Structures are given as structure tokens and as C-alpha cells.
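What you see is a predicted model; the values in this text were computed from it and never measured. Residue numbers start at 1 and run along the sequence shown.
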Amino acid sequence: MSVLSSALLRVLTLLGVVAAFLLPTTSAQASAPLRTHAAAKGKFIGTALATGPLGSETSYRTIAGTEFNQITAENAMKWESTEPSQGQFTFSGADQIVNFATQNNQQVHGHTLVWHQQTPGWVQGLGATAMRSAMQNHIAQVVGHYADNPAVVSWDVVNEVFDENGGWRSSFWYNTLGQSFVADAFRAARAADPDARLCINDYNVEGINAKSTAMYNLVSSLRQQGVPVDCVGFQSHLAIQYGFPSDMQQNMQRFAALGVQVRVTELDVRIQTPRDSSKDTTQATYYRNVVNACLAVTACAGVTIWGFTDKHSWVPDTFPNEGFALPYDANYQQKPAYTAVHDALAGGTSGDTTAPTTPGTPTVGTVTSNSAALTWSASTDTGGSGLAGYNVYREQGATDALLGQSSTASITLTGLSPSTQYQVYVRARDGAGNLSGNSALATFTTQAGPGGGGGCTATGTVQTQWSGGYVIQPVTVTNTGTSAISGWTVTFTLPAGHTLSGSWNATLTVSGQTVTAKNANYNGNLAPNAGTSFGFQVSRPSGNTQTPSTYTCA
Ligand code: XIL
């Protein structure tokens, strides 16, 4: 009896031990630190660190080391810290950060080599020749200091070179050296560390707008010239009162199509004081959206948050009556924003295998020659990860093309071909990536090509040329009609022997020497008098000086 019961007890204990191993592993996994989930998705989750609290606060060090697998120095690598007077390099703060990262198995993003702020007065007062050499020397020394350090993997080479309208910022760099400082800075950084990933970084470039398009054009043209730009950083200093840039994923995707890595470099989401729970909830949504955008774009390497605790944040010092921008409060307690980042990173491992319900049959609204409006009744999702949006496909046999994505139960498809019948269906998608069944089909036929009171013009400018080629940038497209247009087509003829070698902000097809440029999906809508632009590059026989002369817009 006692033998039996003790044997039974052993079995039960064993089961208990097994259960204790199996069950909590799952829940421990669910509440694992951010870096565990990020690493499982092949992304980094990072934080900016300040040297002061890193040296003096245990909670700061513990959270920084536990939760994050990537570090950016908030100030310690800036020019004023590393070369306060000419030729006098000091790396004490920068090394403190890099050593911490090394101890915690974290990668470091160097920030920032060439910027118009936090750069000593001695640099700003130099003449052009001396300023260029000072810049090249600074880059050589600072990048060189870490070139053999495996923790330091990437650099912000230039920071904030554009103004809000997409023009060049009138900084002392630009005013003294012109645009060339950017290419020179990247070349100097590549020479100092051929293995480092080199980034250009800016703010208010998260959505598609004039400034991000200027960035896009610059990166495209630098890469066409062989300048080593490997990556684009979206600072992402957001504020809930300004709304979320809902085309962030689409914007990242268009940069990715240039062949660069993208990353979120300085995420914070500030609120206007006082803090309350509804603002916390909205803020959490913004954090979740940013993480999800990065997860959805293969070329997005990860997300760096600009600090992690409201105790140490640049926001209250910079924006009057705003604050509380980070995922931990000033007492190091996790806020809803933390949970949002955590759950977004953990999404797909959360065990949600339940697809959303199938959406209703799409109803067709306004159809133009190249667009169609659709609405449908919404899906619901009960699997836990939540409804994330909808994919709209064209039924066309073995592989159905994805025509568009929407976060709501409606969409206006753009970029369609004129006089073409489309059969389309919708699938809902949840936060874990599960797709619903296909809705029933909707059928529509686009109208005949543009005309009817509309009208547009196109003019091209030669931006640069050399004996074997040229860049036309911008080709300005203007809606000269009295009603809005939702797409445009520009045609032009390449002189004999000329071949297209690249283009941006439009889709170009070549037939013989005739080139047809159609709007990209983000720049087809033009109100009356509104304009947009695209660009392209051409190779031509050496010595030939011709360029296209006439551009026709329809
Ligand atoms: C900020 C730091 O957070 C502050 O501590 C410092 O006083 C000013 O700079 N864009 C950048 C960052 O690229 O370097 C800035 O960091 C925030 C805006």
C-alpha cells in the first residue's frame, strides 16, 4: 500500500514536473522580453541610451540590457561629444555605450556623423575646403575607432538634410559645400569601415509626402551614381494629436524597392499633458502600428525606440506641454505602449490560428479609366490577434494578383488598365497573418482612357548629364483640367541608340524608342492644378548629346 502510494506519488510528481516544464514555458514565452520576440522574427528592437543613467541607475541598466537587442547612443557619438575641438577625439561616453552593448550581446547603430546640430562652432565657421577635410577626417576617425568592433554594425552618416517641403535644408553644411557633402560623407564612411551599413536618417519622412519623396529621389540618384547608401532611417518622432502616418508601410516598401534596408531609428509617441488612460491607449496603437509596419516589410531591419522610460526622454525638454512618449513610465513601470510593442513582436507566436470571418461581397462604386471604389461588409476576428485589414485580389487563374490592401472595409483600387474587365475578391487578415476565405466576386469594367474635359501637361528637366548618359529629373506632371484625375500617362521618345537604365516615382515601359510612364500607386491622384513628378536615367552612345525633347501627358 505504502509502496503503491509512494510509486503513485512519484508518477504524479513526475507529471507535475513535466507539466511545470511544459506549461509555463508557453506562458513565459508569451511574456518573454521584447528582444526574444524580435529575434524570433529576424528583427531588432532597440533603445537609445544616455550615459548619465547608464552609469548611475540599476533599473535603467537592467531594463536596457534585458529588453533590447540594439542600442543607439542618444548623444554620446555626436560630433560635439567625439571631437569637441579640432583633432581632439574623445570616446569615453561612446565607449561606455558600446561596452554596455557588448556585455549584453546587443548591436550598436552609430549616431550621427554629419548633422547641423550638436556640431561644435569650430566646424561651422570653416571655409569649404577646410570643412570638407574636417568632415572626412571626423568620419575616418570616429568610424575607424569602431571599424574592428563587432558590436558596431551601422551608422547614420548624414542626418536631417531636408526641409519640410523637400528642399535642401539651408544648414552650414549645405550652404558651404552644396549637395556634394552627402556623397562625400558616405564615401568617407565606406572607406573607414567597408563592412558597416551606412544610413541616411530624417524625421517627418514616415508617410508619403514631399519630404519623404525628396529623400526617395536622393537615395535613388545617389545609388545610381554608385554612392554607398545602404539604408534609410525613419526617425518616427510621432505625436498622437497629429494622427498616425497610415501609409508608413507603403512608404517603407517603396524605399525597399530601391534596394536599401529601412529601419525605424528614433521612435517615440508624445502626448499633450496631462496623461490619461485614453491617450495611453491611442499611444499604444501608434507603437503597435509602427512595429507591425516594420514586421510587414522584409527590408525593415528593426525598430529603435528613442529611450524607454519617461524619466529620461528628450520630449518634455523639447516640446512644451508634451511628454509621456515612451513605453515605461518615470517609475519604470510598463505602460500600454509596452504591451503593444510586445504583443506586436510576439504576434504569430501567440497561438492565433483562427482566421477572420469571410468578408461580404464587394459593392462597386465609382469606376474610372484606371480606378475603382469598392466597399464590403466587415469581417470579425476571434482568434486573439485582432482584425488587421483586407487584401483585394484580381481573379485571374493560377496566381491572383494582389491589387491593394486596406485597413478598413473599403478601398479605391488605382493603377488599373483602361477598358478592362476585372473580377475581384476580398480576404480579411488578422494580426497573426491568418487569411479568411475569399469573398464572392465583384465584376467591373474600367472606362475608356482619359479625356473629357481633363488634361495634363508634362515637362522634363535635365538634372545632370555626362558623355554616356543623363538623368531627367524632375518630369513635372500637372493636372491642367478642371476636375481631379486619378491617374496619368506620359509618353516620350528616346533618341536612337538611347536606352533606359532606371526610373522612380512612375512605372516605365519601353516599346522600340517609345517610353510610356504611368503613375505609381501613390502619385496618380491630382486635384486641378496639382502636380507631381517622376524621373528616369538613360544611357546613350558616348559623345552623343541628345536628350528627349517632347513629353505628352494623357
Ligand atoms: C536629441 C537628444 O535626444 C537630446 O538629448 C539632445 O539634447 C538633442 O538631440 N533627431 C535626432 C536625435 O537625430 O539625435 C535627436 O536627439 C532627436 C531628433
Side-chain angles (χ1 to χ4, degrees), residues 112-117 156-186 198-225 227-238 242 245-266 299 458-464 470-478 502-507 517 519-526 530-537:
T112 177
L113 298 167
V114 179
W115 190 26
H116 62 284
Q117 287 184 15
D156 283 331
V157 178
V158 299
N159 194 26
E160 302 180 354
V161 302
F162 292 111
D163 68 24
E164 298 312 288
N165 301 320
W168 284 83
R169 178 187 293 280
S170 129
S171 67
F172 67 87
W173 291 113
Y174 179 76
N175 294 340
T176 311
L177 296 172
Q179 306 179 11
S180 64
F181 78 91
V182 173
D184 287 345
F186 276 94
L198 306 180
C199 307
I200 182 168
N201 190 50
D202 217 320
Y203 64 93
N204 286 351
V205 292
E206 293 73 35
I208 294 178
N209 54 41
K211 189 173 182 179
S212 66
T213 299
M215 172 79 102
Y216 177 90
N217 289 335
L218 177 65
V219 171
S220 168
S221 112
L222 288 172
R223 285 173 61 85
Q224 282 173 9
Q225 293 163 51
V227 178
V229 181
D230 307 316
C231 132
V232 174
F234 304 88
Q235 289 187 10
S236 309
H237 293 293
L238 305 179
Y242 299 140
S246 59
D247 49 7
M248 186 170 188
Q249 180 182 328
Q250 192 189 353
N251 189 41
M252 285 190 188
Q253 200 67 62
R254 73 170 171 157
F255 278 90
L258 292 175
V260 288
Q261 183 192 76
V262 295
R263 47 173 68 204
V264 174
T265 50
E266 306 183 12
T459 47
T461 305
V462 181
Q463 183 189 59
T464 173
Y470 50 90
V471 172
I472 307 288
Q473 155 74 18
V475 181
T476 307
V477 181
T478 308
S503 65
W504 47 96
N505 290 339
T507 304
N519 59 280
N521 60 6
Y522 50 83
N523 64 2
N525 289 318
L526 294 180
T532 186
S533 69
F534 67 97
F536 62 92
Q537 181 168 329

**Message:** Testing the 3.5 Å rule here: is there a donor-acceptor pair between the side chains of Asn217 and Asn505?
**Reply:** yes
Checking [X] now: which residues fulfil ring-ring contact (aromatic ring centres under 6.0 Å, His included) with it, not counting sequence neighbours?
X	answer
Tyr203	none
Tyr522	none
Phe255	Tyr216, Phe234

Going by side-chain hydrogen bond (donor to acceptor under 3.5 Å, both in side chains), name the residues that satisfy it together with [X], two or more places apart in sequence or in a different chain.
X	answer
Glu266	Asn201, His237
Asn251	Arg254
Glu160	Trp115, Gln235
Ser221	Gln225

State which residues pass side chain to side chain contact (heavy atoms under 4.5 Å, CB included) with [X]; sequence neighbours excluded, sorted by chain then number.
X	answer
Thr461	Pro474
Ala210	none
Ala530	Leu526, Ala527

Say whether, by atom type as modelled, one donor and one acceptor occur between the side chain of [X] and the main chain of [Y] under 3.5 angstrom.
X	Y	result
Glu206	Ser236	yes
Arg169	Tyr174	no
Asp156	Cys199	no
Thr532	Val477	no
Asn165	Gly167	no

Can you find a heavy atom in the side chain of [X] that is under 4.5 Å from one in the side chain of [Y]?
X	Y	result
Pro245	Leu238	yes
Val219	Trp504	no
Asn523	Thr213	no
Phe186	Val158	yes

**Approximate separation, where rounding is to 0.5 Å, of Asn209 CG and Asp247 CG** = 8.0 Å
**Request:** Name the orientation class of the two ring planes belonging to Phe181 and Trp173 (parallel below 30°, tilted from 30 to 60°, perpendicular beyond 60°).
**Result:**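 Parallel, since the angle between the ring planes stays under 30°.
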**Fill in**
Heavy atoms of Gly207 and Ser212 approach each other most closely as O-OG, 2.8 Å
**Asked** Given Ile200 and Leu218, is the side-chain contact (heavy atoms from CB on, under 4.5 Å) satisfied, shown in steps?
**Response** CA-CA 10 Å; Ile200 182 168; Leu218 177 65; 3.8 Å; yes
**Item:** Residues in salt bridge (charged side-chain N to carboxylate O under 4.0 Å, His left out) contact with Asp184, at least two apart in sequence or another chain
**Value:**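 Testing Asp184 for salt bridge (charged side-chain N to carboxylate O under 4.0 Å, His left out), a comparison that skips the adjacent residues, returns Arg132, Arg187.
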**Asked** How would you list all residue pairs meeting salt bridge (charged side-chain N to carboxylate O under 4.0 Å, His left out) that involve residues 209-218, not counting sequence neighbours?
**Response**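 Every pair satisfying salt bridge (charged side-chain N to carboxylate O under 4.0 Å, His left out) with a residue in residues 209-218: Glu164-Lys211, Asp202-Lys211.
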